[in-house]
Amino acid sequence: MTTHDSRSQIKWVSQNNRLVPYEDAKISVMAPGLTFAALVFEGFRSYWKSDIKDLLIFRMADHLKRLEFSMTLLELDDPPSPEAFADDIVATLKANEFREDTYVRLQVYVDDWGSMTATGPLGSTVICRPRPRVADFELGQKFIVSSWRRNAENASPPRIKASGNYLNSRLAGLEAKRQGVGGAVLLNDDGTVSEGPGGCLFLMRDGTFITSDVTSGILESITRGTILEMAGPLGIAMEERSVGRTELYLAEEALYCGTGQEIVPILAFDGRPVGHGTPGPVTRKLQARFDDIVRGKTGEHEGWLTRVYNG
Ligand code: PMP
């Protein structure tokens with residue numbers, strides 16, 4: 001779970017709707033966004049399509065909608081509109097002249113000086129950086145079941161993309177790292193499966209891919225939604241429901257999905273191989289279809305793709 005370090009390639013970021021050199025973007029050391037987790041964010045990819053020489057931003061409107069939901073829950077004052085963000089994102093990608101697969105991170109936070117319940121003044125950033133596909137897309141990853149429990153809906157709601165939730169993710173991620181594996185499964189207090197530290201899970205039983213439903217302590221993942229939507233035409237059965245821990249150990253195939261990972265095959269849970277311990281054939285089919293969609297090769301789902309240079 002390392003982050004590809006592409007700092008040196010970032011020339012411009014947008015802060016408070018203004019392009020500034022990356023080194024000049026600042027947050028106050030007293031910002032409630034820093035100390036009290038008054039910060040929400042989004043992350044999504046844009047894909048370089050070489051035949052039309054354009055970057056295609058994947059499902060930007062859906063990510064901006066989720067950001068609005070997160071901002072509402074944190075009761076932030078006068079949050080930037082999705083339209084303002086959309087313009088900013090395109091401008092930032094263009095300013096950097098990226099011509100490769102890119103990752104976009106949006107952050108909205110309470111800046112300056114304030115208490116734990118401060119709701120402004122807000123700061124916002126758009127940071128775009130080159131981000132190639134993870135090697136585990138091909139190779140797969142082994143997972144453990146973390147000893148940490150998922151933060152509860154009525155404590156620190158996982159449904160929003162707030163920095164505070166990532167303490168829980170970090171603890172599970174560190175545990176996986178210590179055990180020498182790539183990923184962790186977080187269980188809810190009742191023993192059902194929620195998700196991983198930064199992505200959602202699908203596991204196959206009797207030929208049907210099952211994924212924890214949206215009331216199972218998960219982020220409403222856009223990649224998860226994409227997989228559910230593209231499965232129908234591929235003839236792959238899908239089910240959203242509560243998933244028990246033991247079902248992990250019975251899975252014929254399993255995968256981990258999210259913007260960063262896209263779709264990563266899961267090879268084992270707690271040292272028990274999933275299927276034959278190699279990426280499953282249906283997982284491979286989903287990966288191929290996903291790649292076609294995000295790179296605009298299918299001619300379908302055009303509404304999911306925003307062109308940066310020739311929009
Ligand atoms: N769950 C968590 C906790 C995440 O951080 C992410 C990454 N955003 C996901 C799921 C996957 O969400 P998405 O597919 O929208 O990136």
Side-chain angles (χ1 to χ4, degrees), residues 1 3-4 37 39-47 57-71 73 89 101-108 127 131 133-134 136-137 141 143 146 148-153 155-176 182-188 192-203 209 211-231 238 240 243 254-264 266 286-287 289-291 293-294 301 304:
M1 279 182 253
T3 299
H4 176 70
L39 186 151
V40 294
F41 67 107
E42 269 305 319
F44 43 94
R45 283 182 179 268
S46 72
Y47 294 87
I57 309 175
F58 187 58
R59 299 194 70 170
M60 177 168 69
D62 296 305
H63 282 278
L64 289 173
K65 201 163 145 197
R66 192 169 66 189
L67 183 72
E68 259 196 304
F69 180 55
S70 301
M71 292 191 295
L73 220 77
I89 292 158
D101 291 355
T102 309
Y103 180 79
V104 181
R105 180 177 294 167
L106 310 182
Q107 299 175 135
V108 183
I127 306 146
R131 187 169 180 188
R133 174 162 286 168
V134 297
D136 289 341
F137 186 94
Q141 273 183 348
F143 273 59
S146 174
W148 295 98
R149 293 292 165 259
R150 189 71 176 130
N151 38 278
E153 168 80 11
S156 178
R159 201 189 291 267
I160 61 168
K161 204 160 169 64
S163 63
N165 287 338
Y166 287 83
L167 167 59
N168 182 241
S169 289
R170 178 176 169 82
L171 291 169
L174 288 170
E175 187 177 14
V185 177
L186 282 148
L187 301 179
N188 295 306
T192 56
V193 171
S194 66
E195 59 179 347
C200 287
L201 300 156
F202 283 76
L203 49 103
F209 257 123
T211 188
S212 300
D213 56 45
V214 291
T215 50
S216 291
I218 67 167
L219 182 74
E220 293 179 353
S221 154
I222 287 157
T223 317
R224 172 185 173 281
T226 302
I227 292 174
L228 287 170
E229 225 173 304
M230 69 190 197
M238 292 274 164
E240 292 175 79
V243 177
L255 65 87
Y256 187 47
C257 72
T259 295
Q261 309 78 10
E262 302 179 284
I263 298 176
V264 165
I266 298 179
L286 287 167
Q287 285 180 311
R289 178 73 181 163
F290 183 80
D291 192 60
I293 290 174
V294 298
H301 303 296
W304 283 352

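As the structure lists them, so they are numbered: ligands from 1, and atoms in each ligand from 1.
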For this session: Answer whether the closest heavy-atom distance between the side chains of Thr226 and His301 falls below 4.5 Å.
Result: no
Problem set entry | Whether Arg133 side chain and Asp101 backbone form a donor-acceptor pair below 3.5 Å | no
Seminar exercise, completed: atom 1 (N) of ligand 1 sits nearest the protein heavy atom Glu195 OE1, 2.7 Å
For this session: Examine Ser221 against ligand 1 and note whether any of their N/O atoms are separated by less than 3.5 Å.
Result: yes
Exercise. Any sub-3.5 Å donor-acceptor pair from Gln287's side-chain atoms to Phe137's backbone N or O?
Worked result: yes
Problem set entry | Protein contact of atom 6 (C) of ligand 1 - nearest heavy atom, named by residue and atom, plus distance | Gly198 O, 3.2 Å
For this session: For ligand 1, note which part of Phe44 has a heavy atom under 4.0 Å away: side chain, backbone, both or neither.
Result: neither
Problem set entry | Spatial distance of atom CD1 (Ile266) from atom CD (Gln141) [nearest 0.5 Å] | 7.5 Å
For this session: Assess the pair Tyr166 and Phe41: is the distance between their ring centroids shorter than 6.0 Å?
Result: yes
Exercise. Are any of the N or O atoms of Arg150 closer than 3.5 Å to those of ligand 1?
Worked result: no
Seminar exercise, completed: All heavy atoms of Thr215 vs all of Arg159, minimum pair found to be CG2-NH2, 3.9 Å
Seminar exercise, completed: With heavy atoms and a 4.0 Å threshold, my read on which part of Pro158 contacts ligand 1 is neither
For this session: Compare Arg66, Gln261, Glu220, Arg159 and give the one whose heavy atom is closest to atom 15 (O) of ligand 1.
Result: Arg66
For this session: Please state which part of Lys161 comes within less than 4.0 Å of ligand 1, counting heavy atoms only: side chain, backbone, both or neither.
Result: side chain
For this session: Report the part of Arg45 (side chain from C-beta onward, or backbone N, CA, C, O) that has a heavy atom under 4.0 Å from ligand 1; answer both or neither where that applies.
Result: neither
Problem set entry | Sub-4.0 Å heavy-atom contact, Pro197 with ligand 1 | yes
